[in-house]
2 protein chains.
Amino acid sequence: MATIRDVANRAQVSTATVSAVVNDSAYVSPELRTRVLAAINDLNYAPSQAARSLKRGRSQLIALVVADLANPFFARLVWAAEAAVAAWGYSLVLFNSDEKPENERRILARIRALSCDGIILVPVDVVTAQPQRDSEGEQIPTVLFGRTVEGQKTDTITIDNISAARQVTNYLMDLGHVRIGTITGPLHLTTGRGRLDGMLEAMRARGLEPAPNHVRAGEFREDTAYSVARELLTQAEPPTALYVANGVMALGVMRALADLGLKCPDDISIASTDTIPGIGGLRPRLTRTEHPVIDMTNEALRLLVDRINRGTSVDARNVVFQPSLVVGESCAPLRNLGK
Amino acid sequence: MATIRDVANRAQVSTATVSAVVNDSAYVSPELRTRVLAAINDLNYAPSQAARSLKRGRSQLIALVVADLANPFFARLVWAAEAAVAAWGYSLVLFNSDEKPENERRILARIRALSCDGIILVPVDVVTAQPQRDSEGEQIPTVLFGRTVEGQKTDTITIDNISAARQVTNYLMDLGHVRIGTITGPLHLTTGRGRLDGMLEAMRARGLEPAPNHVRAGEFREDTAYSVARELLTQAEPPTALYVANGVMALGVMRALADLGLKCPDDISIASTDTIPGIGGLRPRLTRTEHPVIDMTNEALRLLVDRINRGTSVDARNVVFQPSLVVGESCAPLRNLGK
DNA sequence: AAACACCAGCTAACCGTTTTGCTAGCATTC
DNA sequence: GAATGCTAGCAAAACGGTTAGCTGGTGTTT
């Protein structure tokens with residue numbers, strides 16, 4: 001394609017003038033401006049982003065690193081982030097760490113090489129505690145999304161996991177349930193840990209405690225939750241209600257129920273924190289918390305762009321969003337206590 | 001960060017030697033190589049992709065443009081593409097045209113500016129018929145995914161939509177259904193058109209024809225399908241079976257059924273082409289065709305990388321994948337013809 | 001021993017922008 | 001009319017790599 005020099009030649013001006021027109025960075029007389037614009041149009045010129053990045057040290061690229069692209073929660077984040085990034089005039093480079101620290105390391109190196117202007121990161125590992133530095137040794141502006149890492153000094157966007165779990169658990173207890181089980185996420189993640197803690201806290205506040213064999217790890221995965229749920233529900237004294245820590249796992253649990261011939265909510269009540277898009281279309285409607293992913297994403301980008309423009313002059317900000325309980329038909333009052 | 005010159009100074013060699021070591025592009029004696037590697041390590045050096053792109057004219061970026069990121073089908077494509085792109089040593093830049101031609105135009109201009117090495121495009125508009133040219137005026141290697149545009153000379157990866165629709169329709173007719181309705185996608189898309197054509201073809205082959213008011217446009221959207229389904233099923237003589245053209249719409253239809261108090265498959269049989277991930281976990285299991293998205297994506301990348309390396313020397317290739325029918329429990333044999 | 005081939009490693013040009021001086025032309029002031 | 005200030009537009013130097021072409025030292029051939 002045409003270069004800035006081709007345009008300059010055709011318009012009989014210098015490359016500096018063309019640049020000034022393209023970037024609106026200096027006054028150019030109307031006459032020259034017209035000539036330049038005509039030449040740009042004739043030659044179908046578009047500035048090379050590579051040359052620009054090299055000179056300016058900014059790439060107009062924002063990296064999004066998610067922990068599990070197969071999870072609809074993150075798919076939704078990707079969707080929202082693409083829109084927000086485009087709205088701010090950047091382009092989105094997408095990476096999937098697949099919950100593996102070594103992938104995360106590789107990806108962060110690649111992001112540095114691409115000199116991305118900012119990073120939205122769903123962290124997998126504490127590795128991230130060593131923030132990424134760019135070509136000037138500056139830290140690349142980063143927003144941690146959804147999860148946090150201890151002792152982090154970067155901006156973060158999170159959901160109040162404890163509150164989410166507490167809301168759901170209280171709802172179940174309000175229905176009279178006492179034998180409540182749970183399928184948790186990985187406990188080394190704040191999302192996994194917080195949701196379990198919130199549940200325990202809520203139960204203890206009413207003098208209850210889940211039976212040890214009613215608390216199982218589901219890894220935030222559909223298939224794991226499926227088998228764990230089967231196991232959990234076929235034991236001698238199964239729980240009468242189940243709190244599932246995320247949307248994907250809730251789907252797995254529903255599948256397990258169907259395969260076991262259990263009716264929800266007649267045989268067991270199910271409620272979850274987090275949901276997956278589209279799940280609202282199926283019956284019984286799941287009682288769950290909804291997390292404002294779109295708002296969270298927009299806020300993440302606002303913080304990120306602000307940090308890109310203002311550098312490290314401003315302190316790390318931690319924005320916590322509140323989940324809201326959405327009541328469906330997947331929970332019923334406890335009737336026959338003994339069962 | 002450190003530049004190649006810093007590394008050269010520290011290792012007491014020229015930048016050319018550093019480059020040779022980094023790219024393995026020329027023989028360097030073991031001694032110098034060691035010194036260079038040590039310096040790279042000490043300075044935490046990583047080559048600037050911007051400078052590289054500028055000089056080489058290649059950016060190691062592959063653009064993926066999907067028509068609707070909110071659609072789980074495309075979310076799955078994104079997931080598969082990220083993995084495939086990374087495996088080939090590229091990074092993925094993601095765009096969402098949201099089914100709008102003007103977005104598509106803007107995006108393609110941006111892709112050109114970024115000098116992406118290749119494009120995987122789910123086309124929205126015939127605009128794409130004018131292939132994108134790069135900085136040398138060469139066409140940017142492009143693979144059209146899922147849909148095609150008439151008279152296209154680029155590589156394409158598609159699914160056999162006619163066959164998919166035919167399989168599903170035949171299945172419904174084999175169960176005895178005659179009054180079969182359909183909710184179609186947009187008919188200007190090959191995916192929409194082909195799936196309707198396949199259905200009509202299959203029915204006509206048995207001397208049948210759907211009633212005009214049993215054929216409705218659902219725009220491939222959940223909400224549209226929901227309202228169209230409500231309308232379709234509450235009319236005087238509703239169909240006894242419904243063929244839904246994609247997975248998202250099937251979800252909408254299921255929701256409409258639930259709200260209308262209709263039982264599937266007792267009151268009506270539902271089948272679709274295409275599915276959405278996770279839908280398999282819910283009851284009744286949907287009878288549908290499955291489309292090999294992962295294989296399709298991998299093949300798309302194989303074609304794309306091949307074209308990046310070999311240029312226009314090789315003719316356009318059109319790879320058509322075959323869908324397979326997966327039978328669930330959402331369809332029942334026709335019992336009471338009159339209803 | 002001269003002629004030559006070979007090759008490791010270097011010098012420097014180049015990729016396409018942006019941006020910092022600088023220049024030259026005009027208007028204003030005394 | 002000389003001195004000054006202003007400003008539109010230009011020339012040229014970066015930015016950080018890659019690579020063609022060169023150099024000089026060694027080994028081989030005659």
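Just so we're on the same page: letters track the sequence lines, and every chain starts at 1. Just so you know, these numbers use all the heavy atoms, side chains as well, and skip hydrogens, waters and symmetry mates.
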Of T154(A), I308(A), I119(A), D117(A), which is the lone residue that meets side-chain contact (heavy atoms from CB on, under 4.5 Å) with P141(A)?
I308(A)

Check this for me: does any side-chain nitrogen of one of E102(B) and R106(B) sit under 4.0 Å from a carboxylate oxygen of the other?
no

Between CG of N9(A) and P of dA11(D) the distance, given in whole Å, is 11 Å

Could you go step by step and tell me if Y90(B) and L92(B) meet the side chain to side chain contact (heavy atoms under 4.5 Å, CB included) rule?
CA-CA 7 Å; Y90(B) 293 84; L92(B) 184 76; over 6 Å; no

Atom CD1 of I4(A) and atom P of dC10(D) are separated, to the nearest Å, by 12 Å

Exam field: side chain T15(A) to backbone I4(A), donor-acceptor pair closer than 3.5 Å
no

Side chains of L304(B) and W88(B): closer than 4.5 Å at any heavy-atom pair?
no

From OH of Y45(A) over to C1' of dT18(C), roughly how many Å is that when rounded to an integer?
10 Å

Please report the distance, rounded to the nearest Å, between CG in L114(A) and P in dG16(D).
16 Å

In whole angstrom, give the distance that lies between atom CG of N23(A) and atom C1' of dG16(C).
13 Å

Can you tell me the distance, in whole Å, between the CZ atom of R112(A) and the P atom of dG16(D)?
14 Å

Over how many whole Å does the gap from L43(B) atom CG to dG17(D) atom C1' extend?
16 Å

So, is S19(B) close to the dT18(D) phosphate, meaning a side-chain N or O under 4.0 Å from OP1 or OP2?
yes

For the residue pair F145(A) and A300(A), what are the closest heavy atoms and their distance?
CD1-CB, 4.1 Å

Which letter, B, S or -, goes with each nucleotide of nucleotides 6-15 of chain C from 5' to 3', with contact meaning a protein heavy atom under 4.0 Å?
--SSBBB-BB

Rounded distance in Å - CG (D24(B)) to P (dT18(D))
12 Å

